[in-house]
Amino acid sequence: MRVMASNKILVTGSNGQLGNELKELSSAYPQFKFVFFSREKLPLNDLAAVEKVFQEYEPAFLINCAAYTAVDKAESEKEQANEINGNAVGFLATRCKQFGTKLIHISTDYVFNGNATCPLKESDPVDPVNAYGASKLLGEQLALQNNSDTIIIRTSWVYSFYGKNFVKTMIRLMNEKESINVVSDQIGSPTYAADLAEAIMQIVSSDKWQGGIYNFSNEGVISWFDFANEINHLIGSSCIVNSVTTMQFPTPAKRPKYSVLDKTKITQTFLIQPKNWRESLKVCINKLDAEL
Ligand SMILES: NC(=O)c1ccc[n+]([C@@H]2O[C@H](COP(=O)([O-])OP(=O)(O)OC[C@H]3O[C@@H](n4cnc5c(N)ncnc54)[C@H](OP(=O)(O)O)[C@@H]3O)[C@@H](O)[C@H]2O)c1
């Protein structure tokens with residue numbers, strides 16, 4: 001293994017929600033040189049291109065924000081999901097080990113089956129209920145198997161000013177419709193991607209690097225229905241939000257009923273204090289509002 005003297009942070013999947021938030025945050029960290037790679041510039045499944053990037057940049061850190069994130073589509077595209085979320089991550093981890101690059105990889109609450117009734121710890125048994133979750137679990141396993149120094153952050157219900165997400169879809173529907181139906185029997189915690197980006201940079205800039213799995217989301221335990229109601233309230237919409245069950249709202253991929261993540265480990269290890277979900281949602285909605 002080589003020892004890195006570089007201050008380069010390579011970010012893959014930079015056109016997604018998290019990638020864009022890291023781009024925005026990068027100016028607050030002038031001690032690092034960020035290099036952002038969109039899918040177009042660096043498709044993770046092109047192993048030769050990935051290899052070349054390592055040779056050329058010899059990064060100190062790699063933050064992997066690239067992923068196959070189409071949860072329902074993954075049911076019929078298991079191979080593609082496994083290739084990007086699984087095998088490509090395993091390859092990144094191997095190369096990171098070889099080049100002395102510290103890897104931060106992002107995973108999901110969907111590695112759990114949803115039968116828990118209290119917040120899930122990093123060490124709780126995994127059992128994904130859909131193909132996306134299985135592909136992300138494969139990525140976790142290959143990353144840690146190939147490079148035990150990898151930091152994996154499991155997160156949930158990610159939204160942002162950027163990209164497609166629940167918050168933006170709700171705002172559009174609330175502006176278009178008199179009433180909407182939202183499921184109230186799936187319980188979790190939302191994550192503002194800007195907060196996740198900050199947590200990542202707190203880890204990168206700390207001297208406490210310790211490989212393994214860490215949970216991160218905003219604080220709070222809610223249903224999608226609660227989330228939609230708060231969005232409705234914050235945008236001052238008169239749309240009626242009806243509570244429905246998962247049975248009434250079938251999707252190709254099954255979702256875990258309960259996937260609240262316990263964040264004790266990330267708080268204790270890196271002194272990261274996740275913000276409350278309402279506070280962060282307000283920040284995102286104000287930003288979206290200012291843009292209109
Ligand atoms: N979104 C959520 O609710 C959620 C929940 C839990 C965990 N996560 C995890 O959090 C991480 C960040 O998610 P996000 O919400 O920022 O996702 P996102 O907005 O969907 O961004 C993912 C990015 O990956 C890129 N990508 C897809 N296939 C690629 C490939 N073969 N090579 C290189 N790049 C590729 C996409 O490119 P295009 O822009 O061209 O599509 C996109 O820009 C992911 O690991 C995701 O699994 C997300």
Side-chain angles (χ1 to χ4, degrees), residues 10-25 36-50 53 62-74 77 79-93 103-112 114 120 126 128 130-140 142-143 150-170 186 188-197 199-200 213-218 224 227 251 253 255-256 259-261 277 280 284:
L10 219 130
V11 179
T12 51
S14 64
N15 273 355
Q17 300 191 82
L18 180 60
N20 268 299
E21 295 288 1
L22 279 165
K23 245 184 238 169
E24 202 175 306
L25 190 62
F36 291 96
F37 286 97
S38 63
R39 182 221 294 251
E40 238 177 35
K41 269 175 74 186
L42 184 62
L44 278 203
N45 38 318
D46 183 344
L47 303 188
V50 172
V53 160
L62 193 152
I63 305 172
N64 181 29
C65 303
Y68 180 110
T69 54
V71 175
D72 287 316
K73 213 166 149 199
E77 291 190 354
E79 237 174 77
Q80 289 95 315
N82 283 337
E83 189 188 1
I84 298 153
N85 295 343
N87 299 331
V89 176
F91 185 75
L92 281 185
L103 173 62
I104 295 195
H105 172 66
I106 316 300
S107 192
T108 172
D109 56 329
Y110 282 12
V111 296
F112 295 112
L120 290 144
V126 287
N130 59 43
Y132 165 78
S135 71
K136 294 294 289 184
L137 177 59
L138 179 66
E140 287 188 1
L142 291 177
T150 302
I151 285 187
I152 292 171
I153 303 178
R154 284 187 186 143
T155 188
S156 58
W157 299 20
V158 178
Y159 68 94
S160 158
F161 173 81
Y162 304 99
K164 284 191 216 144
N165 55 63
F166 181 80
V167 174
K168 288 166 82 173
T169 303
M170 285 296 114
Q186 287 170 32
S189 309
T191 305
Y192 182 30
D195 294 343
L196 175 56
I200 290 171
I213 302 176
Y214 297 84
N215 294 335
F216 181 86
S217 68
N218 283 122
W224 290 109
F227 199 19
T251 49
R255 263 81 173 165
S259 61
V260 177
L261 300 171
W277 71 276
S280 291
C284 183

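Just so you know, residue 1 is the first one in the sequence shown, and it goes up from there. We count ligands from 1, going down the list as the structure has it; atoms in each ligand are counted the same way.
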query = About how many Å separate OH of Tyr162 and SG of Cys284, when rounded to the nearest 0.5 Å?
reply = 10.0 Å
Considering only distance and modelled atom types, tabulate donor-acceptor pairs under 3.5 Å from the side chains of residues 80-93, sequence neighbours left out.
{"residue": "Asn82", "atom": "ND2", "partner": "Lys78", "partner atom": "O", "Å": "3.4"}
{"residue": "Asn85", "atom": "OD1", "partner": "Tyr68", "partner atom": "N", "Å": "2.7"}
{"residue": "Asn85", "atom": "ND2", "partner": "Tyr68", "partner atom": "O", "Å": "2.9"}
{"residue": "Asn85", "atom": "ND2", "partner": "Ser135", "partner atom": "OG", "Å": "3.0"}

Identify all N/O pairs between ligand 1 and the protein with a separation under 3.5 Å and present them as a table of atom names and distances.
{"residue": "ligand 1", "atom": "3 (O)", "partner": "Val158", "partner atom": "N", "Å": "3.0"}
{"residue": "ligand 1", "atom": "15 (O)", "partner": "Gln17", "partner atom": "NE2", "Å": "2.8"}
{"residue": "ligand 1", "atom": "16 (O)", "partner": "Gln17", "partner atom": "N", "Å": "3.2"}
{"residue": "ligand 1", "atom": "16 (O)", "partner": "Leu18", "partner atom": "N", "Å": "2.9"}
{"residue": "ligand 1", "atom": "19 (O)", "partner": "Gln17", "partner atom": "N", "Å": "2.9"}
{"residue": "ligand 1", "atom": "20 (O)", "partner": "Thr69", "partner atom": "OG1", "Å": "2.7"}
{"residue": "ligand 1", "atom": "24 (O)", "partner": "Ala67", "partner atom": "N", "Å": "3.2"}
{"residue": "ligand 1", "atom": "31 (N)", "partner": "Asn45", "partner atom": "OD1", "Å": "2.8"}
{"residue": "ligand 1", "atom": "32 (N)", "partner": "Leu44", "partner atom": "N", "Å": "2.8"}
{"residue": "ligand 1", "atom": "40 (O)", "partner": "Arg39", "partner atom": "NE", "Å": "2.9"}
{"residue": "ligand 1", "atom": "41 (O)", "partner": "Arg39", "partner atom": "NH2", "Å": "3.0"}
{"residue": "ligand 1", "atom": "43 (O)", "partner": "Gly16", "partner atom": "N", "Å": "3.0"}
{"residue": "ligand 1", "atom": "45 (O)", "partner": "Ile106", "partner atom": "O", "Å": "3.2"}
{"residue": "ligand 1", "atom": "45 (O)", "partner": "Lys136", "partner atom": "NZ", "Å": "2.7"}
{"residue": "ligand 1", "atom": "47 (O)", "partner": "Tyr132", "partner atom": "OH", "Å": "2.7"}
{"residue": "ligand 1", "atom": "47 (O)", "partner": "Lys136", "partner atom": "NZ", "Å": "2.9"}

message = Counting C-beta onward and ignoring hydrogens, is there a side-chain heavy-atom pair between Asn64 and Ile106 closer than 4.5 Å?
response = no
ask   = From Ser189 OG over to Phe227 CZ, what is the distance, rounded to the nearest 0.5 angstrom?
value = 10.0 Å
inquiry  = Does this structure show an ion pair linking Asp109 with Lys136, if we count only N-O contacts that are shorter than 4.0 Å?
reply    = no
task = Using a 4.5 Å cut-off on heavy atoms from C-beta on, say whether the side chain of Ile213 contacts that of Arg154.
result = yes
